[in-house]
Trainee: 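The structure under discussion is supplied below as structure tokens; questions concerning it will follow.
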Amino acid sequence: GRTYAYSRQERGSGGRGTGAGQSGGAGGVASRTAASANGKNADASARQYGGSGGGGVSGASGGAGAASSLNNAVGGSTGGGTLRLTQVATGGNGGYSSTGTGGQAGAASSSLSFNDAAANPTQASYFQGFSTANGGRGGGNGTTPAAGGAATAAIALTAAHAVSANATADGGTGGYSGSGGSGANGGSAAATASAATISATDTARAYGTARGGSGGRGSGAGHSGGAGGTATISQAVFASGPSASASASQYGGYGGRGYSGASGGAGSSSSLANMVGGATTGGTLSLSQRAKGGYCLLYTSPSPRDRQKS
């Protein structure tokens with residue numbers, strides 16, 4: 001049998017604001033989300049979502065999306081079976097604005113560190129963990145949208161037997177400009193992961209993935225889509241055990257599209273140098289890293305919306 005524990009917290013959106021000098025309400029802040037599972041096999045998951053900012057009309061700015069942060073929000077123990085821990089933090093989206101400034105996107109941070117070998121008297125035969133962060137989308141508007149939210153994810157797991165640690169960070173999409181403005185830049189992303197086992201026979205695997213957010217859509221001659229967000233493997237992905245495998249993937253964000261005379265936004269560059277490592281006691285060592293730059297999305301005119309109106 002398997003024991004499940006699932007915790008989800010999603011906060012409310014801010015209210016709409018009206019008039020110059022005013023703004024939509026800020027998104028609600030989510031905090032203290034946690035889950036723990038105990039059984040022969042155990043699965044604990046915590047997911048936390050910051051509230052979105054409220055919209056702004058008649059000159060009001062969009063409200064700010066709430067940040068979301070999780071730090072060691074999940075835990076568990078087994079009777080020698082499988083232990084699976086998952087935590088996901090997602091920032092709130094910035095509020096739109098019809099003629100003011102788009103709302104700031106919420107940042108996201110997820111950090112998970114757990115030592116099954118030390119924390120539990122009976123260790124799992126297989127230990128798997130996931131730490132994920134998703135930045136919020138920047139608020140869009142006519143001319144002054146907001147950048148996508150930043151995302152940071154980290155994980156460090158230690159096990160008595162086989163272990164797999166996975167960290168994923170996705171920067172938020174930049175806000176769009178509906179008419180006569182450039183799109184906002186995508187949010188940055190940073191990730192790192194480590195896995196270790198004290199077993200004499202099993203394998204440790206670590207995976208780190210960072211993806212910069214896409215730039216927002218731009219509109220109008222002389223403007224452009226937003227630039228793609230930067231992606232960073234913040235510390236070398238590392239695995240150690242009798243056999244070990246470490247993988248790092250880094251993807252620069254796509255540039256935003258350009259409509260009605262606007263140029264496409266610049267994709268973000270991506271470069272990795274010696275950002276994976278590992279150690280074994282005589283078994284197989286596998287190291288891989290991948291860097292991919294973001295696309296510069298093509299200029300398109302007229303926009304699909306303009307074609308629908310014609």
Side-chain angles (χ1 to χ4, degrees), residues 37 41-46 70-78 80-89 109-120 122-134 151-170 189-212 231-252 270-292:
N41 299 284
D43 191 326
S45 175
L70 289 174
N71 182 30
N72 296 332
V74 288
S77 63
T78 72
T82 299
L83 176 62
R84 178 185 175 101
L85 304 179
T86 303
Q87 63 179 44
V88 180
S109 174
S110 176
S111 179
L112 176 59
S113 178
F114 194 89
N115 186 335
D116 183 51
N120 296 315
T122 303
Q123 289 84 34
S125 59
Y126 179 54
F127 181 21
Q128 186 177 36
F130 299 87
S131 177
T132 301
N134 303 305
T152 304
I155 191 168
L157 303 183
T158 301
H161 300 289
V163 60
S164 175
N166 304 263
T168 303
D170 284 289
T192 189
S194 67
T197 178
I198 62 173
S199 167
T201 57
D202 291 307
T203 300
R205 295 179 172 87
Y207 306 89
T209 303
R211 290 184 284 253
T232 305
I233 297 299
S234 53
Q235 186 174 336
V237 177
F238 194 89
S240 62
S243 294
S245 176
S247 175
S249 300
Q250 182 178 283
Y251 303 91
S270 181
S271 177
L272 286 173
N274 300 327
M275 293 308 291
V276 288
T280 73
T281 55
T284 300
L285 177 61
S286 175
L287 303 178
S288 65
Q289 62 181 38
R290 181 184 187 189
K292 184 177 181 180

Trainee: Side chain to side chain contact (heavy atoms under 4.5 Å, CB included) with Ala162: which residues, sequence neighbours excluded?
Mentor: Tyr126, Asp202
Trainee: Ala231 and Ala210: which non-hydrogen atoms are nearest, and at how many Å?
Mentor: CB-O, 3.6 Å
Trainee: When you measure from the side chain of Thr232 to the backbone of Ser234, do you find a donor-acceptor pair of N or O atoms at a distance under 3.5 Å?
Mentor: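 No, because the side chain of Thr232 does not come within donor-acceptor range (under 3.5 Å) of the backbone of Ser234.
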Trainee: Provide the closest heavy-atom pair for Ala124 versus Thr78 in the form atom of the first, atom of the second, distance.
Mentor: CA-OG1, 3.4 Å
Trainee: Among Val163, Leu157, Val74, which residue satisfies the side chain to side chain contact (heavy atoms under 4.5 Å, CB included) criterion with Phe114?
Mentor: Leu157
Trainee: Only counting residues at least two apart or in another chain, list the ones meeting ring-ring contact (aromatic ring centres under 6.0 Å, His included) with Phe238.
Mentor: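 Listed in chain order: nothing, the list is empty.
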Trainee: With rounding to the nearest 0.5 angstrom, report the CG to OG distance, Leu70 to Ser109.
Mentor: 8.0 Å
Trainee: Considering residues at least two apart in sequence or located in another chain, which fulfil the side-chain hydrogen bond (donor to acceptor under 3.5 Å, both in side chains) criterion with Ser270?
Mentor: Gln250
Trainee: What are the two closest heavy atoms between Pro242 and Ser199, and how far apart are they?
Mentor: CG-O, 3.0 Å
Trainee: Got a sec, which residues hit side chain to side chain contact (heavy atoms under 4.5 Å, CB included) with Ala169, two or more places apart in sequence or on another chain?
Mentor: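 Ala169 satisfies side chain to side chain contact (heavy atoms under 4.5 Å, CB included) with Ala151, Ala153, Ala189, Ala191 only.
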Trainee: Who passes salt bridge (Lys or Arg N to Asp or Glu O under 4.0 Å) against Asp43, sequence neighbours left out?
Mentor: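 Once residues adjacent in sequence are excluded, the partners of Asp43 under the salt bridge (Lys or Arg N to Asp or Glu O under 4.0 Å) criterion are Arg84.
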Trainee: Output the distance between atom CZ (Phe130) and atom OG (Ser45), rounded to the nearest 0.5 Å.
Mentor: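 Interatomic distance, Phe130 CZ to Ser45 OG, rounded to 0.5 Å: 10.5 Å.
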Trainee: Out of curiosity, Arg290 CZ to Thr209 OG1, how far, rounded to the nearest 0.5 Å?
Mentor: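 So the CZ of Arg290 and the OG1 of Thr209 are separated by 10.0 Å.
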Trainee: Taking the side chain as every heavy atom from C-beta outward, state whether Leu272 and Ile233 have any atom pair closer than 4.5 Å.
Mentor: yes
Trainee: Got a sec, which residues hit side chain to side chain contact (heavy atoms under 4.5 Å, CB included) with Thr132, two or more places apart in sequence or on another chain?
Mentor: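 Applying side chain to side chain contact (heavy atoms under 4.5 Å, CB included) to Thr132 gives Val88, Asn134, Thr168.
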Trainee: What is the distance from atom CD1 of Ile198 to atom OG1 of Thr158, rounded to the nearest 0.5 Å?
Mentor: 8.5 Å
Trainee: For Asn71, check side chain to side chain contact (heavy atoms under 4.5 Å, CB included) against everything at least two apart and list the hits.
Mentor: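 With sequence neighbours excluded, Asn71 shows a side chain to side chain contact (heavy atoms under 4.5 Å, CB included) to Ser111, given in chain and number order.
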Trainee: Check side-chain hydrogen bond (donor to acceptor under 3.5 Å, both in side chains) between Ser245 and all other residues, then give those that pass, not counting sequence neighbours.
Mentor: none
Trainee: Could you give the distance from OG (Ser77) to CD (Gln123), rounded to the nearest 0.5 Å?
Mentor: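 So the gap between those two atoms works out to 10.5 Å.
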Trainee: Where do Ser249 and Tyr207 land on the side-chain contact (heavy atoms from CB on, under 4.5 Å) test, with the steps shown first?
Mentor: CA-CA 8 Å; Ser249 300; Tyr207 306 89; over 6 Å; no
Trainee: With a 3.5 Å distance limit and no angle check, can you tell me whether Asn72 reaches the backbone of Ser113 through a side-chain donor-acceptor pair?
Mentor: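 The answer is yes, because a donor-acceptor pair under 3.5 Å joins these two groups.
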Trainee: Identify the two heavy atoms, one from Thr82 and one from Ser125, that lie closest to each other, and give their separation to 0.1 Å.
Mentor: N-OG, 4.3 Å
Trainee: Asn41: which residues meet the side-chain hydrogen bond (donor to acceptor under 3.5 Å, both in side chains) condition with it, sequence neighbours left out?
Mentor: none
Trainee: Taking distance alone, no hydrogens or angles, what donor-acceptor pairs closer than 3.5 Å link side-chain atoms of residues 279-288 to residues at least two apart or in another chain?
Mentor:
from   : atom 1 : to     : atom 2 : distance (Å)
Thr280 : OG1    : Gly282 : N      : 3.3
Ser288 : OG     : Ser247 : OG     : 3.3

Trainee: What residues, two or more places apart in sequence or in another chain, satisfy salt bridge (Lys or Arg N to Asp or Glu O under 4.0 Å) together with Arg211?
Mentor: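 Result, salt bridge (Lys or Arg N to Asp or Glu O under 4.0 Å) vs Arg211: Asp170.
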Trainee: Quick one: side-chain hydrogen bond (donor to acceptor under 3.5 Å, both in side chains) partners of Ser131, sequence neighbours excluded?
Mentor: Ser110
Trainee: Within the distance-only criterion (no hydrogens, no angle test), does the side chain of Asn115 pair as donor or acceptor with the backbone N or O of Ala117 below 3.5 angstrom?
Mentor: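 Checked: pair present.
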Trainee: Determine the minimum heavy-atom distance between Thr192 and Ala236, stating which atoms define it.
Mentor: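 Nearest heavy atoms, Thr192 then Ala236: OG1-O, 3.8 Å.
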Trainee: Output the distance between atom CG (Asn274) and atom CD (Gln289), rounded to the nearest 0.5 Å.
Mentor: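 Rounded to the nearest 0.5 Å, the CG-CD separation comes out at 6.5 Å.
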Trainee: Treating Ser240 as the side-chain partner and Gly278 as the backbone partner, does any N or O pair qualify as donor plus acceptor under 3.5 Å?
Mentor: no
